[in-house]
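Below you'll find the structure, written out as structure tokens, and then a few comments.
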There are 2 protein chains.
Amino acid sequence: MSRDPAALVARAVIGDRAAIAKLISVVERGGPSAFEAAAALHPHTGRAYTVGLTGAPGAGKSSLTDALITRIRRGGTEVGVLAVDPTSPFSGGAILGDRVRMQDHATDEGVYIRSMATRGHLGGLALATPQAIRVLDAAGKPWVIVETVGVGQVEVEIAGAADTTVVVVNPGWGDGVQANKAGLMEIADLFVVNKADRDGVAETVRDLELMLDLSGHPAWRPPVLTTVATRGEGIDELWAAVGEHRAFQEGDGSLARRRRERTREELHAIVLARLEAQADAACRGDRFEAAVAQVAARELDPYTAAEELLGAR
Amino acid sequence: MSRDPAALVARAVIGDRAAIAKLISVVERGGPSAFEAAAALHPHTGRAYTVGLTGAPGAGKSSLTDALITRIRRGGTEVGVLAVDPTSPFSGGAILGDRVRMQDHATDEGVYIRSMATRGHLGGLALATPQAIRVLDAAGKPWVIVETVGVGQVEVEIAGAADTTVVVVNPGWGDGVQANKAGLMEIADLFVVNKADRDGVAETVRDLELMLDLSGHPAWRPPVLTTVATRGEGIDELWAAVGEHRAFQEGDGSLARRRRERTREELHAIVLARLEAQADAACRGDRFEAAVAQVAARELDPYTAAEELLGAR
């Protein structure tokens with residue numbers, strides 16, 4: 001198969017799974033090909049609705065994603081899933097290979113599951129994830145679930161860059177000091193207390209409601225739902241709540257505003273990444289070494305030297 | 001007094017304390033005036049030898065600095081001191097105002113002590129400190145001590161950007177898990193076990209020597225010294241060790257290489273800071289909002305939009 005991004009996009013748009021896989025690898029790697037792919041993809045995008053899923057390791061995000069896939073497929077529509085792990089160097093399905101849901105949905109052509117991981121360049125995943133979503137969007141998936149593994153700042157940012165963000169907790173979540181609790185409160189459109197067959201569900205729901213009382217959501221107050229994902233309990237209610245949040249946002253124009261804000265942030269991140277690449281390029285090679293020598297010899301001060309290096313780009 | 005950087009430099013070079021103070025404020029603030037100051041300062045620099053002092057809060061860095069000042073002044077030479085606190089918003093002497101050494105050396109014209117703190121822009125102190133050192137260098141201080149308050153990455157980087165770096169620990173240092181132990185091991189040219197009148201000195205010295213055995217310093221092995229700074233014990237030996245390290249580095253050419261490497265890093269940091277400022281500037285105003293609107297309307301992909309924003313600079 002051709003590795004030309006435009007040709008890949010043409011095949012991905014008609015649902016070619018191999019082309020989708022190659023394109024996601026291209027955007028994951030970054031660089032000029034990713035740039036080309038972005039340009040070719042963009043006209044085909046804008047139809048998918050994204051749902052972000054985040055929470056502490058072990059909260060049951062994968063089981064919940066799995067149950068959501070089953071629920072979405074019951075409605076007859078297709079779904080794409082990105083499992084993003086900023087701490088793993090592996091991608092392309094490796095980390096998901098042994099998961100139950102791969103077996104459940106492996107033969108279903110209407111489901112596309114893909115894991116993404118850090119591949120080299122700093123901040124790469126935060127830039128690559130929106131592009132990978134666009135690949136699935138262009139491939140005609142009306143729903144894209146973005147599940148992030150971990151609760152660091154990057155994970156929360158990635159999951160928070162969805163149309164609806166679901167924060168998954170477990171009974172007892174309110175007990176310990178959670179480093180990123182505030183960050184999670186900020187991005188949540190829906191709370192799910194998963195593993196609701198365990199003790200302490202009522203307390204955790206009450207704690208969350210109390211926190212929501214205190215934080216004062218102006219227009220949309222995140223509902224707090226309970227699920228037992230492994231048994232499929234509460235999944236219909238969760239899916240209905242996602243639908244309600246979508247309808248709310250489409251109704252008051254906040255979906256368009258939210259997407260606009262995301263575009264703004266993405267554009268800033270791309271500009272910054274390109275300039276950082278320029279800084280690295282400016283600080284290599286003979287010209288840079290000559291500037292260092294001039295500064296060391298007191299012929300040039302470092303600020304003027306930096307100007308000259310940048311002017312010579 | 002004129003605020004023109006070149007005029008301030010002309011006065012600082014002849015030792016004018018008010019001009020020195022104003023110049024350090026200028027480089028601390030950053031911006032075009034700092035740029036001008038750097039250009040005017042540079043030809044007057046390159047004579048000072050810098051000693052970095054770092055270690056955990058409470059290790060006794062200030063007492064040690066104080067004792068070193070006394071020792072240096074006994075030799076008849078002048079000394080400048082920068083106390084850098086990346087976590088404090090105060091500078092200009094405020095945080096040092098109540099310290100003992102201010103009273104000890106306040107009337108000594110041969111000593112210039114100045115505290116520096118974060119003033120707004122990110123990464124500002126890491127850029128401003130080398131410039132503040134240049135101010136003291138240009139003002140004719142043959143020795144400049146840079147004491148950093150705290151043990152975070154920034155503090156270690158700042159203290160490590162000296163000609164000789166002294167890492168200050170206390171008896172018992174080997175016991176706990178210290179987040180930044182590896183970082184400190186990496187930058188140390190000399191270890192000082194201060195408060196050596198306490199229990200556990202021998203064990204701490206032995207632990208440090210063992211760590212040094214394992215890390216295998218190729219040419220210069222950092223000596224491990226003991227001091228009781230508040231009583232002036234071990235200070236002559238510490239000062240002699242600084243002199244030995246200096247002579248060693250001057251002898252084998254490593255001082256010039258080390259300074260060259262620092263210039264290289266400084267130049268890269270300045271280039272990056274200038275490009276980040278450009279990124280912020282590119283992502284503001286009507287042109288940026290127009291680009292966001294075009295991306296949102298699918299008329300333009302975000303990568304091409306970023307290119308256009310950068311091309312329009």
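As the structure is a computational prediction, the values presented were derived from the model and not from experiment. Just so we're on the same page: letters track the sequence lines, and every chain starts at 1.
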**Complete:** Here the pair of heavy atoms bringing B:A38 nearest to A:D301 is O-CB, 3.6 Å

**Prompt:** Side chain, backbone, both or neither: which part of A:A291 has a non-hydrogen atom closer than 4.5 Å to chain B?
**Reply:** both

**Segment of A:L41 engaging chain B (4.5 angstrom heavy-atom cut-off)** = neither

**Audit row: B:D280, A:H268, side chain to side chain contact (heavy atoms under 4.5 Å, CB included) steps and yes/no** = CA-CA 8 Å; B:D280 290 345; A:H268 185 263; 3.1 Å; yes

**Request:** Locate the shortest heavy-atom distance separating B:P302 from A:I270; write the atom from each residue and the value.
**Result:** CB-CD1, 3.6 Å

**Prompt:** Which bit of A:R134 comes within less than 4.5 Å of chain B, counting heavy atoms only: side chain, backbone, both or neither?
**Reply:** side chain

**Fill in**
In terms of heavy-atom pairs under 4.5 Å with chain B, the winner among A:E299, A:H44, A:R262, A:E289 is A:E289

**Nearest-0.5 Å distance that lies between atom CD in B:Q294 and atom NE2 in A:H42** = 10.0 Å

**Message:** Looking only at heavy atoms and a cut-off of under 4.5 Å, which of B:A273, B:G46, B:P43 has the most pairs with chain A?
**Reply:** B:G46

**Request:** For the pair A:E36 and B:Y303, evaluate side chain to side chain contact (heavy atoms under 4.5 Å, CB included) and give the outcome as yes or no after the intermediate values.
**Result:** CA-CA 9 Å; A:E36 261 184 81; B:Y303 285 83; over 6 Å; no

**Asked** If you count heavy-atom pairs under 4.5 Å with chain B, which of A:L267, A:T263, A:L300 comes out on top?
**Response** A:L267

**Item:** Part of A:R259 lying under 4.5 Å from any heavy atom of chain B
**Value:** neither

**Asked** Measuring heavy-atom distances to chain B, does A:A256 have an atom under 4.5 Å in its side chain, in its backbone, in both, or in neither?
**Response** neither

**Prompt:** Which atom names give the shortest non-hydrogen contact between B:V271 and A:A282, and what distance separates them?
**Reply:** CG1-CB, 4.4 Å

**Request:** Can you see which heavy atom on B:L272 is nearest to which on A:E276, and at what distance?
**Result:** CD1-CG, 3.7 Å

